[in-house]
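All of these numbers come straight from a predicted model, not from anything done at the bench.
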Amino acid sequence: MRGESQVRVRRNVLFFTIPLILLGLAASLLLWVIVTQNLPVSIRSSWPWKLQMLDTQSATAATTIAASLVFARAQYASVVRPMLGWTGSVVEVAGRSDELAWRVRLLNGASAASRINITGYRVILNPAVHPSTPASDSWLSREEAISCLRSAGMSHFTDFELRHIGPAFPLSNATPNAGVVGIFTRRAMELIEELHVRVEATDQAGDTHQRTVYCMSGAIRQPTSITLE
């Protein structure tokens, strides 16, 4: 869907799962202590109720520390969470089939840098030009996407360019001119109906987020002048 938003696809096991496990263990110990201390002495002296690993004060302290760790991690993750987006503009290029081209640039609105990796491309050719080519929902590698566009009659670095980004390209709002995903000339935009790019960003908390860039969304397919920025 064109309106899909950024989603988190993976969490860091070390800094997310383990603190939650520790919190669960500490809370279980605290609950055990509370339950056993409220039992009659006759029951509390028999097995398994006589099992006592921590006293109430220690169990409460352990639960508080674990909960604080989970909360601090969640707060830090929200601070460094990437805000992925993209923008397109008409730029003047040299060595292409046209002097003006549509350039798509990936943006990260967060101040903390994330490690960017492009994991897939989806190419949809213009059905009016290629009526015999069925639309495909499958994701392609960069090399496969370039090969697909070449087979449609386009030349890489002349009609279009798909930039290699990753596997750990740093991107933040301090690098607004970085992150160029692709450049498409008038000829390329006549032949391409849609080109989707799947981007993954791993933040400094170790979580991985994903968003799809729609390169032809809002594209000026017949450019006459550059975009003023």
Side-chain angles (χ1 to χ4, degrees), residues 1-6 82-111 113-130 135 139-202 209-229:
M1 295 176 59
R2 187 173 297 279
E4 71 181 22
S5 59
Q6 173 182 310
M83 293 183 288
L84 299 177
W86 71 92
T87 182
S89 58
V90 177
V91 295
E92 192 171 10
V93 293
R96 303 298 200 276
S97 57
D98 291 302
E99 291 184 357
L100 299 178
W102 179 251
R103 181 185 66 187
V104 179
R105 193 171 66 234
L106 182 67
L107 301 175
N108 180 12
S111 58
S114 294
R115 301 188 299 277
I116 304 297
N117 185 31
I118 293 180
T119 61
Y121 298 81
R122 180 186 290 141
V123 178
I124 303 174
L125 299 176
N126 188 344
V129 181
H130 298 277
W139 289 99
L140 309 174
S141 67
R142 178 173 175 268
E143 292 72 20
E144 290 171 335
I146 292 173
S147 177
C148 177
L149 295 175
R150 280 175 172 164
S151 65
M154 288 168 275
S155 177
H156 197 214
F157 298 118
T158 301
D159 300 315
F160 73 97
E161 180 182 353
L162 296 182
R163 295 280 179 89
H164 174 73
I165 296 180
F169 180 80
L171 186 66
S172 70
N173 61 10
T175 54
N177 295 321
V180 174
V181 174
I183 298 174
F184 309 91
T185 64
R186 186 196 311 261
R187 171 172 168 74
M189 289 187 286
E190 289 175 350
L191 300 176
I192 300 172
E193 179 73 16
E194 286 284 357
L195 196 149
H196 306 158
V197 180
R198 188 169 58 189
V199 178
E200 288 190 354
T202 303
H209 309 261
Q210 181 178 283
R211 189 161 196 188
T212 301
V213 175
Y214 296 88
C215 293
M216 295 300 155
S217 176
I220 301 174
R221 296 179 182 263
Q222 299 295 327
T224 57
S225 61
I226 65 172
T227 303
L228 298 178
E229 299 183 355

Heavy-atom closest pair (V104 atom, C215 atom, distance to 0.1 Å) is CG2-O, 3.4 Å
Hey, are the side chains of W86 and V181 touching, using non-hydrogen atoms and a 4.5 Å cut-off?
-> no
Reported CG-to-CG distance for the pair L191 and L149, which is rounded to 0.5 angstrom = 9.0 Å
Test Y121 against I146 for side chain to side chain contact (heavy atoms under 4.5 Å, CB included), laying out the working first.
-> CA-CA 9 Å; Y121 298 81; I146 292 173; over 6 Å; no
Do side-chain atoms of H164 reach the backbone of G166 as a donor and acceptor pair under 3.5 angstrom?
-> yes
pair Q222-R186: side-chain heavy atoms closer than 4.5 Å | yes
Do W102 and I220 have side-chain heavy atoms sitting under 4.5 Å apart?
-> yes
To the nearest 0.5 Å, tell me how far T185 OG1 sits from L100 CG.
-> 10.5 Å
Are R96 and E161 ion-paired here, with the side-chain N under 4.0 Å from a carboxylate O?
-> yes
Apply salt bridge (Lys or Arg N to Asp or Glu O under 4.0 Å) to E200 and R198, showing your working.
-> CA-CA 7 Å; E200 288 190 354; R198 188 169 58 189; 5.7 Å; no
Report the C-alpha distance between F169 and N117 in whole Å, list the side-chain angles of each, state the deciding distance to 0.1 Å, and finish with yes or no for side chain to side chain contact (heavy atoms under 4.5 Å, CB included).
-> CA-CA 7 Å; F169 180 80; N117 185 31; over 6 Å; no
Would you indicate whether the side-chain heavy atoms of P127 and E193 approach each other to under 4.5 Å?
-> yes
Which value, rounded to the nearest 0.5 Å, describes the distance between R142 atom CZ and I165 atom CD1?
-> 9.5 Å
For the pair R105 (side chain) and G179 (backbone), establish whether a donor and an acceptor sit closer than 3.5 Å, ignoring hydrogens and angles.
-> no
What's the spacing between Q210 CD and Q6 CD if we round to 0.5 Å?
-> 10.0 Å
Do the side chains of L171 and L106 get nearer than 4.5 Å, heavy atoms only?
-> yes
For I183 against R163, the heavy-atom pair lying closest together = CD1-NH2, 3.7 Å
Minimum heavy-atom distance between R221 and M189, given as atom pair plus value = NH1-O, 2.7 Å
Indicate the atoms forming the closest heavy-atom contact of G153 with D159, along with that distance.
-> O-OD2, 4.2 Å
If every non-hydrogen atom of V90 is compared with every non-hydrogen atom of P223, which pair is closest and at what distance?
-> CG1-CB, 3.6 Å
What is the distance from atom CE of M154 to atom SG of C148, rounded to the nearest 0.5 Å?
-> 7.5 Å
How long is the span from the CE atom in M83 to the OG atom in S172, to the nearest 0.5 Å?
-> 10.5 Å
Check step by step if side chain to side chain contact (heavy atoms under 4.5 Å, CB included) holds for T87 and L107.
-> CA-CA 7 Å; T87 182; L107 301 175; 3.9 Å; yes
So among V123, I124, V213, which one has a side chain to side chain contact (heavy atoms under 4.5 Å, CB included) with H196?
-> I124
S141 (side chain) donor-acceptor with E144 (main chain) under 3.5 angstrom = yes
Non-hydrogen atoms of I116 and A201 that approach each other most closely | CD1-CB, 3.5 Å
